[in-house]
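Everything numeric in this text was worked out from a predicted model, so none of it was measured. Both counts, for ligands and for their atoms, begin at 1 and track the order of listing.
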Amino acid sequence: MIVLRSDAEIEEIKEAGRIVAATLKKLKKSAKAGITTAELDRIAEEEILAQGGKPAFKNYKGFPANICASINEVVVHGIPSSRKLADGDIISIDVGVKYKDHYADAAITVPIGKISEEAKKLLDVTEEALSNGIEEAVPGNRLTDISHSIQKHVEANGFSVVRAFVGHGIGTKIHEEPEIPNYGSPHRGPRLEAGMVLAIEPMVNAGTFDVEVMEDGWTVVTRDGRLSAHFEHTIAVTKDGPEILTVA
Ligand code: MG
């Protein structure tokens, strides 16, 4: 069942989303060559707590950190560590926050110094695919209209969409129904209604869509070792169209 949220509940998710966005903004500024991902994790924790939120990923199913920090061929769920960012890297940073009873979740991929043309195109296409997906989140459309628009844009640009991980509903739990694949035929699945709150999150690979999980049980990497990017917003379906809730 997909829960429909009241305006007051959506306001609380938006407050969580504001903290997510402020934290991502701070992390984007801090993400420079030489900083470790553990330092980014500490910055995120401080910012989230200072703003009255709680880091949602810490201890979620045993995840050991506040953010996911996924460098280059890491698709998602990278664990912050003593690894330093280097010029030419791309890093996907995923932040989840609980505020009062509600959650919000968003991700960005950030270039470090000068990156390759391919990396730049990958970031642009992934962010555009997210925008396209969000545009489909209107009452009357079906769920996979979002999925299809993402896949279409990604593949038109020669990249591939990860199958093994998907977007999700979000509200009083970080992951709720429905699952939102970033691929598939249009016009399938539940009809979208005002009050649905969705985390839409294309994960896009430069090469094959195949991924594997490393021995730590978390870190997901591309099977061919090529780059991957990830952008995510939490949005509400409203009668006036999609509203992005993870904005500062
Ligand atoms: Mg998510």
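Among heteroatoms of the N, O or S kind in Asp105, OD2 lies nearest the Mg ion (ligand 1). The name of the N, O or S atom in Glu232 nearest to the Mg ion (ligand 1) is OE2. The minimum distance between the Mg ion (ligand 1) and any N, O or S atom of Glu201 involves atom OE2.
The Mg ion (ligand 1) has no N, O or S atom of Asp94 inside 2.8 Å of it. Look at His175 and the Mg ion (ligand 1): no N/O/S atom of the residue is under 2.8 Å from the metal.
Around the NZ atom of Lys98, the shell of radius 6.0 Å holds more than 12 heavy atoms that belong to other residues, nucleotides or ligands. Atom CD of Glu179 is surrounded by 12 or fewer heavy atoms from other residues, nucleotides or ligands within 6.0 Å.
Asp105 and His175 are not linked by any side-chain donor-acceptor pair at a separation below 3.5 angstrom, with hydrogens and angles left out of the test.
The same ILVMFWY cluster, assembled from side-chain heavy atoms under 4.5 Å apart, contains both Tyr183 and Phe231.
Between Ile244 and Ile134 there is a side-chain heavy-atom pair separated by less than 4.5 Å.
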